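Worksheet: one structure, shown below.
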Amino acid sequence: MRTELEHSLRQWVSALPAIATSGMLAPVGPRGAVALARAFHQYGPTPAMLLAATAIRHPDKVAIIDDSGQLTYRQLQERAEAIAAALFAATATPPKSVGIICRNHRGFAEALAAGAQLGAELIFINTELSPAQLRAILARHNPDVLIYDDEYAATVEGFDYPGLRVLAWRETGTSTLPSLDDLAAQHHPVPPRVRHAVKLTLLTSGTTGLAKGVRRSIAPTAIALLTATGMAILRLRTSDRVIVAPPMFHGFGLLALIGPMALGATVICRRRFDAQTTLDDMARHRVTVVMAVPVMLQRLLAVPDLSESAATRSALRIMVTGAAPIAPTTVSALIEAFGPIVANGYGSTEAGLVTIATPDDLVVAPHTVGRPALGVSVRILRADRCEAATGEIGEIFVRSGLEYTGYTPDAGAKAATKAIIDGHVSTGDMGHFDAERRLFIDGRADDMVVSGGENIFPGEVEDRLAAHPDITDAVVIGVPDAEFGQVLRAFIVLASGAAIPTEDALKQHMRAGLERYKVPKRFIVLDEIPRNAGGKVLRARLHTPTAS
């Protein structure tokens with residue numbers, strides 16, 4: 001407990017100067033103060049208040065740059081207000097929930113702000129769901145309003161969704177449905193003020209089945225602690241230009257959007273990630289912060305002649321990754337290409353942000369996920385639920401300001417939940433602390449492979465594979481074996497132009513860094529590893545006959 005308190009104190013000491021110099025505490029004057037008070041009276045402690053406050057403080061600052069151009073904070077706020085009023089006027093009863101199926105563009109931010117202005121629950125839906133999964137999610141949550149990109153129109157119409165439908169992005173053809181642009185051009189009375197915290201529902205990754213919903217209200221104290229953590233580590237400023245590449249429906253992408261916008265920075269996003277376009281944006285907009293999941297950063301590293309464009313990236317101050325494991329070799333390659341500016345966050349839909357590894361942490365230990373964020377307590381527990389010793393692997397339990405109260409129930413399905421001990425919820429991950437109280441993730445509890453009586457976490461085997469000069473990505477799973485119970489099978493992606501290594505050469509490479517029982521029995525070359533939009537491996541697909 002003492003080490004946690006000492007760590008929190010050091011973070012606050014580090015955060016306060018960063019907050020003071022960020023620009024967020026600059027005076028607004030009497031008129032601005034009155035406008036802020038009115039906004040808080042109207043929106044309460046919600047994401048809508050964060051955007052309204054930024055529009056008051058920085059009305060002419062560019063808020064977002066996307067595939068359609070750019071919007072200032074004043075324009076974004078005015079559009080969100082008009083959209084909220086139009087939604088309120090178009091529904092027989094005030095909407096209690098708003099579902100959002102949007103890729104990364106202004107429509108996501110407008111839908112989020114407008115829904116929060118209505119005091120509605122915001123349901124962020126994965127844009128990569130199959131039609132069957134999307135229909136199941138819509139049936140389970142049944143939002144009163146659904147705001148979506150037109151690429152999902154066929155699925156929504158096929159489901160016969162009964163609520164109010166609004167298009168966020170119209171790419172092809174025509175539609176009789178209203179769009180966000182249509183609603184933004186209308187004029188209606190202001191909706192009633194919001195009297196409560198808005199509930200946010202995020203979906204889990206769904207790597208083992210239908211994504212589960214995690215609903216929570218975000219307390220102002222939790223927002224303050226997240227802000228302080230971000231300031232202590234990332235040193236965000238109002239002058240920052242931030243590329244937000246993670247999907248915004250994901251917890252990491254949502255934080256990457258809301259954090260900079262609450263501060264008054266400029267967000268740059270694209271509907272679909274492209275490595276070369278990202279590098280071009282970094283140069284064109286003199287980007288200072290890049291937020292991306294590991295697989296996106298791997299694609300940046302694979303861009304031809306990356307080193308020759310270094311001069312165009314001189315403004316870059318920090319790269320932040322998370323949402324999925326990142327190989328130590330990828331961290332080292334990023335540091336070599338961009339400098340010691342990489343930060344790595346670890347969290348979960350259930351627990352929120354858990355830890356952040358600073359650039360200094362990753363220089364020393366490229367495979368760490370860092371130390372706990374402010375207001376977060378982390379426990380490593382053995383099977384008997386006693387606390388593990390330093391260096392000992394156990395299950396990771398977390399307590400944070402984001403209270404976990406269970407999953408959204410599915411009609412007719414057995415209720416799913418996570419173990420909770422002394423207010424700490426299980427993340428489902430296995431890990432350990434080092435002597436400096438840095439956290440390391442050893443693997444998922446349900447991914448552990450027992451081979452010949454030995455427990456193997458695929459993560460360290462995957463890291464060893466990724467260290468091979470001809471391999472850019474790797475995943476290891478356990479498959480049944482008559483003699484050993486389970487053996488390891490590796491799936492690898494080769495670097496461009498690399499010849500396929502022999503099985504003997506790969507096994508020799510593995511034995512040079514790992515015990516013999518951790519060497520995979522088979523190596524299968526794939527064009528790419530199947531992953532979800534957040535970058536997590538879809539291991540179930542690797543167990544199918546087509547992958548074997």
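This structure is a prediction, so every number in the text was calculated from the model and none was measured.
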[X] and [Y] ion-paired at < 4.0 Å:
X	Y	value
Asp281	Arg270	yes
Lys521	Glu483	no
Glu503	Lys507	yes

Would a 4.5 Å heavy-atom cut-off, applied to side chains only, mark [X] and [Y] as touching?
X	Y	result
Val290	Val320	no
Phe249	Leu203	no
Val519	Leu488	no
Leu439	Ile380	yes
Phe484	Glu454	no
Phe273	Val293	no
Ile393	Phe457	yes
Met248	Ile100	no

I need the minimum non-hydrogen distance between [X] and [Y], along with the two atoms involved.
X	Y	result
Leu257	Pro260	O-CD, 3.6 Å
Cys102	Ile147	SG-O, 4.0 Å
Ala327	Ala466	CB-CB, 4.2 Å
Pro359	Pro340	CB-O, 3.3 Å
Arg438	Ala365	NE-CB, 4.3 Å
Met319	Leu297	CE-CD2, 3.5 Å

If you round to the nearest 0.5 Å, how far is [atom2] of [Y] from [atom1] of [X]?
X	Y	atom1	atom2	answer
Ile123	Leu146	CD1	CG	9.0 Å
Asn142	Leu138	CG	CG	8.5 Å
Arg165	Glu157	CZ	CD	5.5 Å
Asp473	Glu462	CG	CD	8.5 Å
Arg399	Arg379	CZ	CZ	6.5 Å
Asn104	His250	CG	NE2	12.0 Å

Identified side chain to side chain contact (heavy atoms under 4.5 Å, CB included) counterpart of Arg317 within the set Val287, Leu234, Val289:
Val289

[X] side chain to [Y] main-chain N or O, any donor-acceptor pair under 3.5 Å?
X	Y	answer
Arg539	Val476	yes
Tyr346	Thr368	no
His367	Asp442	no
His105	Gly107	yes
Asp422	His424	no
Glu121	Lys199	no

Met448 and Met430: CA distance, side-chain angles, deciding distance, side chain to side chain contact (heavy atoms under 4.5 Å, CB included) verdict
CA-CA 9 Å; Met448 187 179 75; Met430 306 294 286; 5.9 Å; no

Arg103 and Asp67: salt bridge (charged side-chain N to carboxylate O under 4.0 Å, His left out), yes or no, with the steps?
CA-CA 11 Å; Arg103 294 192 183 272; Asp67 294 305; over 6 Å; no

Report the C-alpha distance between Asp149 and Thr127 in whole Å, list the side-chain angles of each, state the deciding distance to 0.1 Å, and finish with yes or no for side chain to side chain contact (heavy atoms under 4.5 Å, CB included).
CA-CA 9 Å; Asp149 294 349; Thr127 57; 5.9 Å; no

Flag if over 12 foreign heavy atoms under 6.0 Å of [atom1], [X]:
X	atom1	value
Ile500	CD1	no
Asp527	CG	no
Gln508	CD	no
Arg516	CZ	no

Among side-chain atoms of Thr277 and Asp280, is any donor-acceptor pair under 3.5 angstrom?
no

Do Gln298 and Thr472 pass the side-chain hydrogen bond (donor to acceptor under 3.5 Å, both in side chains) test, and can you show the C-alpha distance, the side-chain angles, and the key distance before you say yes or no?
CA-CA 8 Å; Gln298 289 174 352; Thr472 60; over 6 Å; no

Would you call the rings of Phe108 and Phe124 parallel, tilted or perpendicular if under 30° counts as parallel and over 60° as perpendicular?
parallel

What verdict does the side chain to side chain contact (heavy atoms under 4.5 Å, CB included) test give for Leu494 and Ile471, after you've listed the backbone C-alpha separation in whole Å, the side-chain angles of each residue and the deciding distance to 0.1 Å?
CA-CA 5 Å; Leu494 298 179; Ile471 295 176; 4.3 Å; yes

Is there a side chain to side chain contact (heavy atoms under 4.5 Å, CB included) between Arg371 and Asp361? Walk through the geometry before answering.
CA-CA 9 Å; Arg371 297 176 176 86; Asp361 288 329; 2.8 Å; yes

